[in-house]
Chemist: 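I'd like to ask you about the structure that follows.
Only this structure's heavy atoms are used, side chains among them; waters, hydrogens and symmetry mates stay out.
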Amino acid sequence: MRLSPVSAARLLPAARRVATPWKNGGGSTSEVIAWPPGADMESFLWRLSIAEVGTTGPFSHFAGIDRTLAIVSGELELAIEGNPAPVRLDARSQPFPFSGEAPVVGTPAAGPVMDLNAMVRRGRFRAEMTPLSGGESLESDGGTIVIVALAPMELSHDGRAWRLDRLDAFCCPTGTIRAGRADGSDRLGYAVRFISID
């Protein structure tokens, strides 16, 4: 396993992200972090983003990509070709993995939806997305770890304290991360680990 391509711990503030509207007008996507830096949708090896979904529409087709999706707010129904019934996800659901080639239609079930989306180049990286409720201790094993806050939260990493506001992210390649609780939210955030497999 190769070491993480990310070289140092850093904060990724939500306020610095730029939302890109979808061509079909049904929503927008804001990139949290991608590797390698500056990679476009054809060349990334892994990518983490936050999307806002406003209307029913097909998901983009990504050949050779594995995806994992978690709902930040709202409810989303996924009609996946070959599945006998739609998959319904909300903010209490576990992260949902699926193939980027799968024909998928997403329908917001009760108003606009916000989701967290991890994508990896199949055969090069894999992603593990884990909900955080506070108090967890996460040890890097060489893969890049990205924490996305769903509520104000505090982290400690190798003796340094970090404060994250809602939708801020923190990434690091090595060391131990401890997630503290800053309010009474049931789900404090998500930890996403990107691991090289080539």
Chemist: List the steps and the verdict of side-chain contact (heavy atoms from CB on, under 4.5 Å) for L76 and T107.
Modeler: CA-CA 6 Å; L76 186 65; T107 300; 5.6 Å; no

Chemist: Would you check if F194 and L48 make a side-chain contact, meaning some heavy-atom pair closer than 4.5 Å?
Modeler: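 The answer is yes, as the side chains (C-beta and beyond) meet within the 4.5 Å cut-off.
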
Chemist: Under 3.5 Å, is there a donor-acceptor pair between the side chain of R126 and the main chain of I197?
Modeler: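 It does not hold such a pair.
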
Chemist: To the nearest 0.5 Å, tell me how far S60 OG sits from I65 CD1.
Modeler: 12.0 Å

Chemist: To the closest 0.5 Å, what do you measure between CD1 (I71) and CG (L69)?
Modeler: 5.0 Å

Chemist: Determine whether F62 and F98 fall in the same hydrophobic cluster, where Ile, Leu, Val, Met, Phe, Trp and Tyr are linked whenever their side-chain heavy atoms lie under 4.5 Å apart.
Modeler: no

Chemist: Any salt bridge between E136 and R178, counting N to O under 4.0 Å?
Modeler: no

Chemist: Between atom CZ of F170 and atom CD1 of I147, what is the distance when rounded to the nearest 0.5 Å?
Modeler: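 Answer rounded to 0.5 Å: 8.0 Å.
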
Chemist: Is a side-chain N or O of H157 found less than 3.5 angstrom from the main chain of R10, in a donor-acceptor match?
Modeler: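 Between the backbone of R10 and the side chain of H157 there is no qualifying donor-acceptor contact (under 3.5 Å).
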
Chemist: Would you check if M41 and R47 make a side-chain contact, meaning some heavy-atom pair closer than 4.5 Å?
Modeler: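 They are in side-chain contact.
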
Chemist: Counting C-beta onward and ignoring hydrogens, is there a side-chain heavy-atom pair between L78 and F59 closer than 4.5 Å?
Modeler: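 Yes, side chains in contact.
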
Chemist: For Y190 and A91, which heavy atoms make the closest approach, and how far apart are they?
Modeler: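 Minimum heavy-atom contact is OH-O, 4.4 Å.
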
Chemist: Is it true that a side-chain atom of R17 and a backbone atom of L12 form a donor plus acceptor pair closer than 3.5 Å?
Modeler: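 Such a contact is found between R17 side chain and L12 backbone.
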
Chemist: Do the side chains of F96 and M119 join up, straight or via other hydrophobic residues, at under 4.5 Å, putting them in one cluster?
Modeler: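 No, because F96 and M119 fall into different hydrophobic clusters, even though each may have its own neighbours under 4.5 Å.
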
Chemist: Would V87 and V53 show up in the same hydrophobic cluster when neighbours are defined by side-chain heavy atoms closer than 4.5 Å?
Modeler: yes

Chemist: Could you check whether any side-chain heavy atom of L138 comes within less than 4.5 Å of a side-chain heavy atom of T176, counting everything from C-beta outward?
Modeler: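 No - every pair of side-chain heavy atoms lies 4.5 Å or more apart.
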
Chemist: When clusters are formed by joining ILVMFWY residues with side-chain heavy atoms under 4.5 Å apart, either directly or through shared neighbours, do W35 and M129 land in the same one?
Modeler: yes

Chemist: Closest approach of A169 and V32, non-hydrogen atoms and distance?
Modeler: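 Of all heavy-atom pairs spanning A169 and V32, the closest is CB-CG1, 3.6 Å.
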
Chemist: Between W22 and T29, is any side-chain donor less than 3.5 angstrom from a side-chain acceptor?
Modeler: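 Yes, a side-chain donor-acceptor pair sits under 3.5 Å.
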
Chemist: Do you know which two heavy atoms are closest between A19 and S28, and how far apart they sit?
Modeler: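 Residues A19 and S28, closest heavy atoms: CB-OG, 4.1 Å.
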
Chemist: Please check if the side chain of D40 supplies one atom and the backbone of S43 the other of a donor-acceptor pair under 3.5 Å.
Modeler: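 Between the backbone of S43 and the side chain of D40 there is a qualifying donor-acceptor contact (under 3.5 Å).
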
Chemist: Taking all non-hydrogen atoms of both residues, which atom of I80 and which atom of A102 are closest, and how far apart?
Modeler: CG2-CB, 4.2 Å

Chemist: Can you run down the salt bridge (charged side-chain N to carboxylate O under 4.0 Å, His left out) pairs that involve residues 91-103, sequence neighbours left out, and say none if there aren't any?
Modeler: D90-R92, E101-R122

Chemist: Do you know the tightest heavy-atom contact between G134 and L188?
Modeler: CA-CD2, 3.9 Å

Chemist: Can you confirm whether L150 sits close enough to V72 that some side-chain heavy atom of one is under 4.5 Å from a side-chain heavy atom of the other?
Modeler: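 Side-chain contact under 4.5 Å: yes.
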
Chemist: Would you name the heavy atoms of G175 and D158 that are closest together and state the gap between them?
Modeler: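 Shortest heavy-atom separation between G175 and D158 comes out as CA-OD1, 3.6 Å.
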
Chemist: Report yes if some heavy atom in the side chain of E75 is under 4.5 Å from a heavy atom in the side chain of P108; otherwise report no.
Modeler: no

Chemist: Does any non-hydrogen side-chain atom of T68 lie less than 4.5 Å from one of N117?
Modeler: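 Answer no - side chains too far apart.
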
Chemist: Using side-chain contact (heavy atoms from CB on, under 4.5 Å), reason through I177 and C172 one step at a time and then give a plain yes or no.
Modeler: CA-CA 9 Å; I177 304 172; C172 72; 3.4 Å; yes

Chemist: Indicate yes or no for a side-chain donor-acceptor contact from R88 to the backbone of E77 under 3.5 Å, with no hydrogens or angles considered.
Modeler: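 No: the side chain of R88 does not pair with the backbone of E77.
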
Chemist: Check for a donor-acceptor pair, side chain of D115 on one end and backbone N or O of A70 on the other, with a separation under 3.5 Å.
Modeler: no

Chemist: What is the distance from atom CE of M153 to atom CZ of R163, rounded to the nearest 0.5 Å?
Modeler: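 M153 atom CE to R163 atom CZ measures 10.0 Å (nearest 0.5 Å).
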
Chemist: Quick one: is the NZ or CZ of R121 closer than 6.0 Å to the six-membered ring centre of F44, and within 45° of its axis?
Modeler: yes

Chemist: Tell me, do S30 and S49 make a side-chain contact under 4.5 Å, heavy atoms counted?
Modeler: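 No. Closest side-chain heavy atoms not under 4.5 Å.
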
Chemist: Consider only side-chain heavy atoms of I, L, V, M, F, W and Y, link residues closer than 4.5 Å, and tell whether M114 and V192 are in one cluster.
Modeler: yes

